[in-house]
Amino acid sequence: MSATIESPRSGRIAPQYRRNGGSRGNFEMIAWLFMRLSGVVLVVLIFGHLFVNLLVGEGIKAIDFGFVAGKWADPFWQFWDLAMLWLAMLHGTNGVRTIINDYAEKDTTRRWLKTVLYSATVVIIVLGTLVIFTFDPCPVVDGVPLPGGFCPA
């Protein structure tokens with residue numbers, strides 16, 4: 001015997017509670033599962049990031065351009081920061097998408113808000129990924145190396 005939501009007047013199932021076999025329900029279930037799993041992974045990534053940056057070595061006083069340059073010279077930390085960027089952006093985008101679906105009443109408003117949200121997400125993910133993989137710790141401008149005491153002469 002299954003529990004049903006009944007309309008108080010007619011004893012029938014209210015139409016908004018009928019289940020259909022559409023793919024949208026499957027997407028929402030996957031999005032729900034992604035939020036839980038990505039949240040757990042993000043907690044590990046963020047606390048690892050904070051531990052390395054704030055507690056190991058000289059602490060917050062040591063964080064500068066050279067610290068980031070040294071850290072991103074290691075592919076492990078590039079991947080760590082990339083995973084943190086991608087998961088945080090996708091996790092946050094999925095949360096805001098859910099809020100838009102819940103509170104935007106008009107379809108056109110919902111469509112425009114999601115378009116802006118997805119566009120901003122793509123731009124930030126692409127730019128962040130480019131920064132992580134194209135970061136040069138020893139920049140040269142017009143043939144002259146910029147000053148920074150951490151680059152080899």
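The figures that follow rest on heavy atoms only: side chains count, while hydrogens, waters and symmetry mates do not. The model shown is predicted, which means the values in this text are computed figures rather than measured ones.
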Original post:
Under 4.5 Å between side-chain heavy atoms, hopping through other hydrophobics if needed: is there a path connecting Val116 to Ile99?
Top reply: no

Original post:
Can you check whether Thr109 reaches Leu113 side chain to side chain, under 4.5 Å on heavy atoms?
Top reply: yes

Original post:
Once you round to the nearest 0.5 Å, how far does CZ of Arg97 lie from OG1 of Thr121?
Top reply: 11.5 Å

Subject >> Distance-only donor-acceptor check, side chains Trp32 and Thr98, under 3.5 Å >> reply: no

**OP:** Could you tell me which residues satisfy ring-ring contact (aromatic ring centres under 6.0 Å, His included) with Phe76, sequence neighbours excluded, listed by chain and number?
**Re:** Trp80

Original post:
When rounded to the nearest 0.5 angstrom, what is the spacing between CG in Leu37 and CG in Leu42?
Top reply: 11.0 Å

**OP:** Drop me the distance from His91's NE2 to Arg36's CZ, to the nearest 0.5 angstrom.
**Re:** 8.5 Å

Subject >> Any residue meeting salt bridge (charged side-chain N to carboxylate O under 4.0 Å, His left out) with Arg110, in chain and number order, not counting sequence neighbours >> reply: Asp107

Subject >> Reported CG-to-CD1 distance for the pair Leu117 and Ile100, which is rounded to 0.5 angstrom >> reply: 5.0 Å

Original post:
With hydrophobic residues grouped by side-chain heavy-atom distances under 4.5 Å, do Ile124 and Tyr118 end up in a single group?
Top reply: no

**OP:** Answer yes or no: does atom CG of Leu33 have more than 12 heavy-atom neighbours from other residues, nucleotides or ligands under 6.0 Å?
**Re:** yes

Original post:
So, the side chain of Gln78 versus the backbone of Ile132: is there a donor-acceptor pair under 3.5 Å, distance only?
Top reply: yes

**OP:** Could you grab the distance from atom CZ of Phe34 to atom CG of Leu87, nearest 0.5 Å is fine?
**Re:** 5.5 Å

Original post:
Are Leu130 and Val122 linked, directly or through other ILVMFWY residues, by side chains that come within less than 4.5 angstrom of each other?
Top reply: yes

Original post:
What residue among Leu54, Asp81, Val44 forms side chain to side chain contact (heavy atoms under 4.5 Å, CB included) with His49?
Top reply: Asp81

Original post:
Is the Phe65 to Phe135 ring centre distance short of 6.0 Å?
Top reply: yes

**OP:** Mind jotting down which residue pairs meet the side-chain hydrogen bond (donor to acceptor under 3.5 Å, both in side chains) criterion with at least one end in residues 57-66? Sequence neighbours excluded, please.
**Re:** none

Original post:
Any link between Leu85 and Ile46 through a network of hydrophobic side chains (Ile, Leu, Val, Met, Phe, Trp, Tyr) touching at under 4.5 Å?
Top reply: yes

**OP:** Return yes when atom CZ of Phe79 has more than 12 non-hydrogen atoms of other residues, nucleotides or ligands closer than 6.0 Å, and no otherwise.
**Re:** no

Subject >> Hphob cluster co-occupancy, Val131 + Phe67, side-chain heavy atoms under 4.5 angstrom >> reply: yes

